[in-house]
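Heavy-atom basis, side chains included; hydrogens, waters and symmetry copies ignored. Numbers restart at 1 for each chain; the letters A, B, ... are given by sequence-line order, proteins then strands.
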Amino acid sequence: MVTLAPPPPASGIRSRGLPPGTRAPDLGLPATPDGRRITLADVKGSPVVLIFYPGDFTPVCTNELGLFNELMPVLGQFGAKVFGISCDSLWSHIAFAKELHIQIPLLSDFHPKGEVSRRYNVYREEDVGICERALYVIDGKGVIYWSYVSPIELNPGADGVIDALERLTGKQMEFPTFQPQQQRPQPEART
Amino acid sequence: MSRLRRNVDANDWAKGPADAPVTLLEYGDFECPFCGRAFWELKRLESAVGDRVRFVFRHFPLTQLHPHALLAAEAAEAAGAQGKFWEMHDVLFQNQQNLEAPALLTYAADLGLDMGRFTRDLQEHRSLPQIQRDFIEGVRSGVNGTPTFFINGERHNGAYTAEALLAAIERRAGPDIEPMTGLPWEGDRVPRMGRPQSHM
């Protein structure tokens with residue numbers, strides 16, 4: 001049996017993204033589930049969260065997208081529209097979304113390859129031809145409010161995005177509806 | 001980013017002395033296969049470090065990915081309400097492929113729990129608020145997937161083999177925490193699993 005070698009490892013940060021205050025470049029990319037093109041004008045008036053990730057089905061991305069997917073109700077509290085973006089084809093995105101039950105629309109920056117990633121200054125041209133692992137929060141007027149580029153091998157988590165949305169909207173994140181709090185017994189003795 | 005926002009307190013499931021020099025906290029999901037591997041690594045670590053590390057578990061069920069994770073977390077809480085949290089925690093991780101409701105009832109019965117109370121706790125979702133609170137606090141603390149570990153409140157970004165965790169613990173706590181006996185079962189019985197470092 002022939003085993004394929006894994007792709008060459010990429011690490012660290014090569015492209016630094018765009019700073020807050022920059023007008024957000026347009027998207028114009030086809031999205032899951034139906035291939036409709038998404039532009040920033042479509043979502044004007046709402047905060048937008050962009051999750052640039054290196055690739056469908058890769059281990060860290062799977063964790064990262066799984067986490068944001070789980071948090072869709074929380075991000076919805078801020079009226080935020082959330083999109084994932086990678087240089088994979090739409091068909092790869094569809095398979096990935098199906099496998100992980102991802103409800104976040106995944107935008108395909110496949111052709112011309114990496115064009116939108118370049119506009120956001122998160123394309124890694126020189127080593128692996130994929131985008132950085134980066135997060136953007138864009139305000140309702142289309143201006144970048146917060147951005148973060150993570151070392152590509154590290155899943156950044158969602159706390160930075162939620163903090164930024166709180167500051168942007170002036171709303172505190174609400175906990176999901178709670179039943180009356182139960183008192184727990186004291187921690188058990190070690191056995 | 002990535003510091004624990006709520007310190008370990010009486011609302012947490014903890015084992016080991018409260019004044020241990022190191023607290024190793026896991027945000028975990030009972031259906032997550034990576035947490036399942038980490039479970040065995042923690043068993044190895046625990047037998048090597050004895051009482052010098054306090055272990056804490058908080059819930060982080062990824063329900064979209066793992067359809068049984070939430071009910072399993074509730075089962076652990078319901079067992080905890082009867083003083084058997086860690087016992088149920090262990091059983092769940094040892095039976096990750098089998099977390100349907102009837103299986104959970106079998107585990108509860110095997111642990112000698114009051115079944116009326118256990119069933120009622122699950123039906124009324126009594127521990128749901130606590131589980132959701134763990135999850136949301138985890139998100140705010142930079143938990144980025146499962147398992148995520150914090151050592152004395154700081155997120156551990158490396159691998160989670162017993163060796164890697166022990167090395168990280170030693171860096172925090174100094175020589176006080178050298179293992180008593182060395183880590184058991186090196187290499188053979190436990191599947192190697194580290195958080196991938198070099199791939200995307």
Using non-hydrogen atoms and a 4.5 Å limit, figure out which bit of [X] sits close to chain B: side chain, backbone, both or neither.
{"X": "A:L71", "result": "side chain"}
{"X": "A:L154", "result": "side chain"}
{"X": "A:E132", "result": "neither"}

Backbone N/O of B:D9 and side chain of B:D12: donor-acceptor pair under 3.5 Å: yes
Ring geometry between B:F57 and B:H59 (parallel below 30°, tilted from 30 to 60°, perpendicular above 60°): perpendicular
More than 12 heavy atoms from other groups under 6.0 Å of CD on B:Q97: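 Open.
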Top of B:T63, B:L65, B:V143, B:V56 for chain A proximity - count of heavy-atom pairs under 4.5 angstrom: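 Ranked by contacts with chain A, first place is B:T63.
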Heavy-atom pairs under 4.5 Å with chain A, option from B:R155, B:R5, B:Q64 with the top count: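 Sorted descending by pairs with chain A, the first entry is B:Q64.
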Salt bridge B:D19-B:R54, side-chain N to carboxylate O under 4.0 Å: no
Under 4.5 Å from any heavy atom of chain A - which part of B:V139: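 For B:V139, backbone and side chain are both near chain A.
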All pairs passing side-chain hydrogen bond (donor to acceptor under 3.5 Å, both in side chains) where residues 82-101 of chain A contributes a residue, at least two apart: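 Qualifying pairs: A:Y53-A:H93, A:D56-A:S92, A:D56-A:H93, A:S86-A:D88.
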